[in-house]
Every structure is written in structure tokens, then in C-alpha cells.
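What follows is a set of notes on a single structure, which appears directly below.
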Amino acid sequence: MRVLFVSSEIYPLTKTGGLADVSAALPAALAELGFDMRLVMPAYPQAIERAERLGRPIRLDGIPGTDEARIVPARTPDSGLPVWLIDCPALYRRLGGPYQDAQGRDWPDNALRFTALAHAAARLSDGDVDPGWRAEVVHANDWQTGLVPLLLMQRGARRPATLFTIHNMAFQGIFGAGLLPKLGVPMDSFSTDGIEFYGKMSFLKAGLRYSDHLTTVSPTYAREILTPEFGYGLEGLLQSRGKHITGILNGADYAVWDPVHDPHLPCQYSAQDMAGKRVCKARLQAELGLAVAADAPILAFLSRITHQKMADLVLDALPALLATGAQFVLLGDGEPELERRFDELGMAYPDQVAVRVGYEEALAHRVQAGADLLLHPSRFEPCGLVPIYALRYGTLPLVRSTGGLADIVTDATPQAIQTGRATGFTFSGLSTTDLVEAVHRALDMFRQPVAWRKLQRTAMVQDFGWAKPAIEYRRLYHELCGRPIPAEALPSPDPAIAAQINGTIGAG
Ligand code: ADP
Ligand code: GLC
């Protein structure tokens with residue numbers, strides 16, 4: 001089955017967060033299952049530089065938002081999957097991030113930038129560039145690709161099936177309605193039943209409204225977004241699409257995130273042999289200028305420094321946490337005021353606090369390996385890949401029980417410890433005291449090496465690989481196309497089990 005996967009970032013071509021990791025690893029896992037996967041993303045300068053180019057660029061005329069569009073056929077450097085880079089120099093060739101300039105301001109032409117991406121993706125899915133290849137499913141991701149299902153809907157019966165994955169409802173792509181004539185979408189789509197949202201246009205709403213099916217990146221978040229607290233005014237639309245929303249927990253790409261073979265670490269280690277983790281810790285302390293002390297627990301915060309990730313609460317909690325003798329490491333970037341407060345703290349506690357504001361892929365791996373406890377107290381969290389990775393590195397996640405975090409971490413209650421299921425620490429409140437209490441509970445456990453070791457071992461053997469989620473996406477793709485999964489692709493020749501895996505289609 002031919003699937004076009006559309007995303008605004010794909011690791012290692014361009015990455016600002018978890019979307020890039022998913023857009024690399026999920027298509028690769030689906031290709032393993034036999035899907036003919038092709039990827040589409042904008043040709044940002046770093047993507048052009050990192051992709052393995054194949055053949056000559058192909059001109060694509062008539063793309064709204066730009067005078068010049070070319071398709072650069074390429075492959076991803078890791079998985080070798082075909083990727084079409086959409087090269088519109090006026091829109092994508094600039095220094096800065098994929099959505100913002102170097103000062104953190106949204107690019108003023110984002111509406112046009114992602115309109116062009118959507119049109120190019122729709123044309124590619126239709127065989128416009130490679131007449132031998134027409135998509136059967138188009139899988140779009142987040143607001144940047146929200147117009148894709150709307151554009152395909154217009155094509156009537158010949159169109160491919162569409163799936164739209166919500167990675168974060170907090171980012172919606174809302175733009176002034178005056179731009180509508182420039183988007184190349186029907187004017188009548190600007191209605192409350194279409195892309196209109198409080199007098200403006202919402203690209204996210206277009207994705208939610210016009211795709212055949214929706215997924216989001218954890219089962220708990222799939223339920224939460226139906227409520228006003230997490231739906232941001234779109235909960236009504238989501239409720240109306242209830243039968244067409246599936247929560248599938250993201251996976252981890254253990255080829256990239258596993259201390260057994262992680263090339264970024266000074267020393268590899270495994271659940272069976274943890275000596276290397278002690279080396280990683282000492283080296284991290286030395287690298288970041290902290291006191292090299294094996295018995296001082298390292299608390300790490302490795303996230304965007306934002307309200308979502310409760311960076312403000314971590315800041316408020318830190319004086320109490322540092323009073324216990326713990327060390328604190330931060331790697332992240334985000335809201336300037338919070339960055340400034342972290343920097344100040346780093347200067348106030350030079351041996352105990354290390355603050356690295358910025359984006360450093362290799363250091364992220366070393367922090368995962370060298371830390372003891374990952375502080376991940378989000379106000380909301382669609383999935384949360386960082387704590388999934390932390391588990392594999394034996395760095396116990398301490399999370400707020402929301403969204404995907406609730407699906408990932410099993411709290412170290414006495415019962416969960418006894419039954420060998422505990423993998424970290426959870427709390428549910430929103431106050432600094434709630435966070436401090438949870439960390440104290442974790443630090444008590446840290447001082448009991450045997451119990452801590454048992455938690456680490458359980459955490460490290462959890463399997464959050466992509467194989468299982470990919471099977472769930474396979475089932476959705478087949479349902480959407482009305483095509484049963486071929487018998488040879490199923491693990492069991494038993495027709496009853498095959499029918500179950502095929503769901504409603506198989507049963508028919
Ligand atoms: P989100 O997508 O909401 O930011 P996730 O936990 O799903 O959160 O994914 C974050 C990804 O970005 C992970 O791969 C993490 O390692 C990476 N990351 C976040 N901040 C940094 C940083 N400052 N430097 C390097 N990698 C980072
Ligand atoms: C978003 C979410 C994060 C999720 C990631 C990948 O950035 O904030 O929770 O893990 O997308 O789906």
C-alpha cells in the first residue's frame with residue numbers, strides 16, 4: 001500500500017521536538033511492515049544539506065503562496081526512505097527555525113509557507129510528479145499540514161484516504177481571514193462547519209474537520225481533548241468526530257535511543273551491567289562543571305522551557321530540591337524570561353546547577369544517560385517522548401499524571417513495587433508543593449540502592465518500540481482504504497485471528 005507521510009519536520013533533516021522523531025521512526029516501522037512509504041517536508045536549508053539527494057529537482061507550477069516551487073527527490077540518511085523536499089526558496093530558504101526566526105518570533109508568512117507544503121503534498125499524492133506513484137493513504141501531522149485533507153476532500157471519489165495525527169492541540173495555526181483568497185482553498189470552506197474559528201482561520205481545524213480519521217499520540221490524550229480544558233474550543237468538533245479518533249501511544253526508536261549502543265555516550269551500558277551509567281554520570285558532572293559526586297542525585301530537565309512543560313514550577317521548586325543536596329541539570333530552550341531565571345540559578349549554585357540553554361542533540365543523549373531522575377511535570381502532554389527514552393536509560397521519570405505521561409509511567413506505589421511494575425514517579429497536583437513532595441518521595445527511594453536498582457531494571461526492560469504502534473497504524477490504513485491486510489502480512493494463519501486483526505473489514 002502506498003502511503004504519503006506529510007510532516008513539517010523529520011529527524012535528522014530538521015528537528016524542534018518529538019514530531020521530528022515520530023516522523024522519522026513511524027514511517028520506517030511501517031516500511032518494515034511492507035508499506036511503500038514516501039515522505040514530504042519543506043526543503044529548509046539544513047534538510048537540503050542532510051538529505052541524500054537523488055536526481056534533478058522537478059518544477060511544480062501553480063502552487064499558491066509561491067512563484068517558484070521545485071520538488072527535490074531525496075532519501076533520509078538513516079532509514080533510506082524516499083523523501084520529497086519541497087523547495088520554495090522564498091518560503092523556506094532562510095536562517096532560523098522551521099516556524100520561527102532566531103529571536104523566537106513566528107515567521108510572518110507561516111500561513112503561506114504551510115499552504116505551499118499542503119498543495120505540494122496534495123499534488124504529489126496524485127501522481128503529479130511521479131505518474132507511476134499515487135498515494136492510497138495520505139497521513140498528515142499537526143496544523144502545518146492541516147490543509148492537506150481539505151485540499152484532497154475537493155478531489156471527490158478519486159482521492160486517497162486521509163489520516164490526520166494530532167501531536168499537540170496547543171498549536172493551531174490560526175491566521176487572519178483576509179489571507180483566505182491566497183490559500184487556494186474553496187471560499188465556502190470559511191464557515192463554522194469548516195476552517196473558520198472565531199472569525200479567523202484555523203489550519204488545525206481544517207485537519208480535524210476534513211480528514212477521514214484522526215489519531216492522537218496517546219490513549220489518555222485522545223480522551224482529554226474531548227474536554228474544554230484540553231480541546232481549546234475544538235472539543236465540540238472533536239466530540240462530533242468521536243468514532244473517528246484513535247489514541248495510539250508513540251514509540252521510541254531504540255536504534256537511536258538505547259544506552260547499549262548509543263554512540264553519543266562516553267560509555268555504553270545495559271540493564272544487566274550498569275557500570276557504564278556511573279561513568280556517564282561522572283563524565284556529565286565533569287562536562288557541565290558540577291561537583292563530581294556519585295551519591296548526589298542528578299535531577300534533569302530536558303524539554304522545551306515552556307508553560308506546557310511546567311518549567312516555571314520547576315524553577316519555583318528548585319531551592320527546596322537543592323537543599324537536599326541534589327544536583328540539577330537543564331538542557332532546553334524556550335520562553336526567554338524562564339531561560340533567564342534558570343541562568344540566574346545556575347550562577348547562584350555553580351557546583352550544583354548546570355544550565356545549558358540551547359538545542360544540542362548529542363548532549364540530550366548524555367543527559368539521559370548521566371542523570372538519575374528526569375523531572376517531567378507537564379500541565380498537558382500529548383505523549384512525551386523524553387520520559388519514554390529516559391526509561392531505557394535507567395533515568396527514572398517523575399511526571400505529572402496527564403496525557404501520554406499517564407500511559408507511560410507506572411508510579412512507585414508500594415503495591416507496584418512489590419509486583420515489579422513500578423517504573424517511575426507520578427503526581428497529579430499543580431502546585432510547587434505537589435512537585436516537591438513527589439521529588440522527595442523519589443529521593444527517599446534513591447537513598448535505598450536495592451529498591452532503586454529494581455526500579456531501574458524494570459524501567460529499562462519496558463518495550464516502547466515502534467513495532468506495536470506501527471501495527472495499529474497498519475490496521476487503520478487498511479480500514480481507511482477498505483482493504484484487508486494481506487494474509488501473508490499477518491502473524492497468524494488462523495482465519496479467526498486474522499479477522500480480528502483486520503477488524504471490521506477482515507470480518508466481512
Ligand atoms: P515535545 O515534542 O513536546 O517537545 P517530546 O518529549 O515528545 O516533547 O520530544 C522532545 C524531543 O526533542 C526529544 O527527542 C528530546 O530529546 C528533544 N529535545 C528537547 N529539547 C532539546 C534540547 N534542548 N536539545 C536537544 N534535544 C532536545
Ligand atoms: C508534541 C507533543 C509531545 C509528543 C510529540 C510527538 O510535540 O508535545 O507530547 O510526544 O508531539 O508526538
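Predicted model only: the values in this text are computed from it and were never measured. All heavy atoms count here, side chains included; hydrogens, waters and symmetry mates do not.
Under 3.5 Å, the side chains of Tyr210 and Ser189 contain no donor-acceptor pair of N or O atoms. A donor-acceptor pair shorter than 3.5 Å can be found between the side chains of Thr215 and Thr165. Looking only at atom types and distance, the side chain of Thr16 has a donor-acceptor partner in the side chain of Glu9 under 3.5 Å away. Using a 3.5 Å distance cut-off with no hydrogens or angles, the side chains of Asn141 and Ser7 do not pair a donor with an acceptor.
Using modelled atom types, no side-chain atom of Lys277 and backbone atom of Ser270 make a donor-acceptor pair closer than 3.5 Å.
At a threshold of 4.0 Å, the pair Asp212-Arg159 counts as salt-bridged, since one of the basic side-chain nitrogens sits closer than that to a carboxylate oxygen. Taking a cutoff of 4.0 Å between a charged side-chain nitrogen and a carboxylate oxygen, Asp262 and Arg366 do not qualify as a salt bridge. Taking the charged nitrogens against the carboxylate oxygens, Asp333 and Arg304 have no contact shorter than 4.0 Å, which rules out a salt bridge. The pair Arg340-Glu337 meets the salt-bridge criterion, with a side-chain N (NZ, NE, NH1 or NH2) lying under 4.0 Å from an Asp/Glu carboxylate O. A salt bridge does not link Asp36 to Arg2: none of the charged side-chain nitrogens sits closer than 4.0 Å to a carboxylate oxygen.
Here the two rings, on Tyr477 and Phe35, have centers that are under 6.0 Å apart. Aromatic rings of Trp107 and Phe114 (six-membered ring for Trp) have centroids beyond the 6.0 Å cut-off, not under it.
Taking the side chain as every heavy atom from C-beta outward, Leu391 and Pro397 approach each other to under 4.5 Å. Counting only heavy atoms from C-beta outward, the side chains of Cys280 and Pro266 approach each other to under 4.5 Å.
The aromatic rings of His213 and His244 sit perpendicular to each other, their planes meeting at more than 60°, with 30° as the lower class boundary. In this structure, Phe301 and Phe342 have parallel ring planes: the angle between them is below the 30° cut-off, well short of the 60° mark.
Residues Ile58 and Pro73 come closest through the heavy atom pair CD1-CG, 4.2 Å. Across every non-hydrogen atom of Ala74 and Ala51, the tightest pair is CB-CB, 3.9 Å.
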Point to revise | Intermediate values then yes/no, side-chain contact (heavy atoms from CB on, under 4.5 Å), Trp84 and Asp130 | key: CA-CA 11 Å; Trp84 279 310; Asp130 179 350; 4.1 Å; yes
